[in-house]
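Read the structure below first, then the notes.
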Amino acid sequence: MDGRFDADPGASAGGSASGGGAQPPHVDVQMEFGDRLAAWGKKAFIILAIVIVLVGLAAYWWFHPPINIHSTDTWMFVGIFILLPAFLVFASKSRAYKTGTDKVEPNAGKAKAFKWASFVPVVVVAFVLLGAVASLSLFPGNAEKYASMLKTTEDNFAQDIKEVNYSEIPVIDRDSAVLLGNREMGSIPEYVSQFEISPLYSQINYQSSPVRVSPLGYADLFKWFTNREAGIPAYALVNMTTQDAEIVRLDDNPIHYSESEPLVRNIDRHVQLSYPFYMFDQKSFEIDDEGHPWWICPVQSRTIGLFGGTTIERVVMVDATTGETQDLAIGDVPQWVDHAYPTELLLEQYNWSGKYKDGWLNSWLGQAGVVQTTPGTDGNLGYNYIAKDDDVWVYTGVTSATADNSIVGFVLVNQRTAESHFYPVAGATEESAMQSAEGQVQNLRYQATFPLLINVAGQPTYFMALKDDAGLVKQFAMLDIQRYQNVAVGNTVEETQKSYLALLATNGVVSEDAEALDSRDASGAISHIATAVIEGNTHFYVQLEGNDAVYDFALPGLLEIVGYREGDPIAFSYIEGDPVNTVDVIKSSDAESGDKVADEADATADSQGNAA
């Protein structure tokens with residue numbers, strides 16, 4: 001009884017509330033829910049971090065930017081996938097701990113720590129911007145560095161460039177090569193339904209002939225899926241001289257690494273992941289002397305600031321069949337490789353030297369001596385290729401900074417070694433030459449291809465093909481660079497050559513060397529002689545007895561023709577042409593005999609007059 005009333009129920013309840021007894025059920029539930037929420041938050045953060053890492057790795061595999069601080073692609077990737085997300089996360093965390101949320105309590109220390117962490121991406125971006133500024137030409141000392149990137153020597157054109165061999169001259173341009181290659185592809189129906197020709201069409205020297213080569217590619221993703229094991233069976237080859245096109249079958253060595261491969265064997269992905277720290281420039285497709293396909297991948301180096309002064313110091317060669325690679329210094333590249341240096345990079349380097357050779361300030365204000373490569377047509381760079389010393393050289397005219405319609409010379413740069421030569425020749429730009437050639441056939445509305453530079457009788461000459469609206473080559477034109485009113489047009493290269501040589505001789509451009517001009521001899525009595533004035537110059541047109549050919553004696557070079565009359569004997573050498581033959585030399589002995597005949601005729605006439 002006594003023990004039953006020792007404990008006061010109210011006191012017991014009060015003691016329980018204040019003395020640390022069991023918690024009410026709803027408090028336990030809240031604590032358990034909070035613990036679970038915290039644990040879920042940690043798991044979610046871990047999962048999110050794993051997802052971000054996986055997405056980053058997948059993005060790197062797909063986009064495969066080089067891991068190199070000099071690469072703008074690298075910084076774009078880092079900025080999008082690392083710096084921007086990091087900045088947003090740190091900044092949001094700093095705000096959350098500063099004001100507090102329903103999930104976190106205000107914490108000044110953590111807010112400050114995350115605020116400082118958010119400055120890290122900003123500092124990295126500032127470093128990149130500083131490196132970019134240090135790459136600019138206006139940065140002290142950079143103009144001189146840019147001007148010295150490409151070493152160019154000044155040379156004599158007639159001595160350095162051999163006279164053209166017309167059996168090796170490219171008579172078609174890239175567009176015509178593409179047209180011929182695609183037509184040849186149509187003759188192989190089993191390929192047409194599965195493959196198409198890549199638009200690359202690299203111009204190379206193959207077995208001493210200028211050709212363009214381009215691999216076949218899978219027509220679409222489904223065609224790739226059904227043919228990926230067998231690979232790409234052929235490549236297109238177009239001879240730029242004969243205009244012959246063929247699809248070269250590879251039989252047991254098909255192409256497995258190409259641009260049309262979407263996954264592992266994509267050539268860009270394969271070579272970049274094989275050399276993750278290299279920055280690759282524009283690649284080219286080439287074949288070696290045995291016709292085996294290769295990918296030539298130049299490796300960029302940046303020598304000024306963080307992003308400036310691009311050049312090529314190494315080349316990675318990839319076997320298009322096996323994917324095996326060779327990493328070579330630029331000096332060790334094999335002779336058959338023609339595109340170790342990308343064309344546009346060489347032109348850019350030459351423009352640096354032409355712009356900054358007298359300093360950055362002069363490049364903007366005085367512009368004394370500032371030159372640049374000719375702009376070309378339709379917004380494209382103006383250049384072409386010539387074969388020299390079994391290498392491919394890129395050619396372009398050089399004009400003043402004001403980009404007028406004349407050139408001060410032209411430059412040739414070796415695409416394997418970057419050897420560069422400048423030839424001072426004043427004359428017409430390529431675009432002006434194209435317009436002049438098109439003017440010769442304006443009634444036919446032919447379009448001229450971008451000119452090719454050749455040496456004709458020691459004269460720098462533009463050579464162009466004239467194409468119709470269907471892209472087919474119909475005629476050819478040769479134009480004197482220095483005197484671009486001298487234009488010869490013909491239906492064949494040989495005919496154009498003869499007309500052009502005759503034109504040069506008529507205008508006194510070339511020396512009167514009959515052998516050098518492939519001239520012929522003629523002699524006989526003059527049956528008819530007439531004169532005409534053409535572009536301010538007097539021409540004597542002569543026909544010989546028993547010969548319907550017309551011979552052109554141009555003054556002042558052949559002034560002695562003035563002493564000849566109909567019936568006089570004459571001997572001369574000429575260059576065959578159409579419609580007239582151009583005379584280059586009057587034989588002195590025959591001229592003297594002609595004078596004697598004339599004197600005898602005068603004496604006879606006088607004696608007959610006296611007798612009468």
Begin with the C-alpha distance, continue with both residues' side-chain angles, and end with the deciding distance and a verdict on side-chain hydrogen bond (donor to acceptor under 3.5 Å, both in side chains) for Ser284 and Ser202.
CA-CA 6 Å; Ser284 63; Ser202 305; 4.9 Å; no
Take Lys467 and Asp173 through the test salt bridge (Lys or Arg N to Asp or Glu O under 4.0 Å) and record every step on the way to the result.
CA-CA 10 Å; Lys467 303 191 298 184; Asp173 62 355; 3.3 Å; yes
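Taking the six-membered ring where the residue is Trp, Phe463 and Phe476 present parallel rings, their angle staying beneath 30° rather than reaching 60°.
Residues passing the side chain to side chain contact (heavy atoms under 4.5 Å, CB included) test with Pro233 are Tyr191, Phe195, sequence neighbours excluded. With sequence neighbours left out, the side chain to side chain donor-acceptor pair (under 3.5 Å) criterion links Asp319 to His292.
Remark: side-chain polar atoms of Ser274 are paired, donor with acceptor, to backbone N or O of His270 under 3.5 angstrom. Asn142 places no side-chain N or O within donor-acceptor distance of the main-chain N or O of Leu138, the cut-off being under 3.5 Å.
Note on Arg416 versus Asp338: no salt bridge recorded, every NZ/NE/NH1/NH2 to OD/OE distance being 4.0 Å or above.
Between Asn491 and Gln475, the side chains place a donor N or O and an acceptor N or O closer than 3.5 Å (distance only, hydrogens not considered). Tyr341 and Gln282 form no side-chain donor-acceptor contact under 3.5 Å, judged by distance and modelled atom types alone. No side-chain donor from either of Gln372 and Asn351 sits under 3.5 Å from a side-chain acceptor of the other.
Within the structure, salt bridge (charged side-chain N to carboxylate O under 4.0 Å, His left out) contacts touching residues 185-207 (residues at least two apart or in different chains) are Glu190-Arg249.
Heavy-atom neighbours of Gln447 CD from other residues, nucleotides or ligands within 6.0 Å: at or below the threshold of 12.
Of all non-hydrogen atoms in Ile304 and Ser135, the two that sit nearest each other are O-OG, 3.4 Å.
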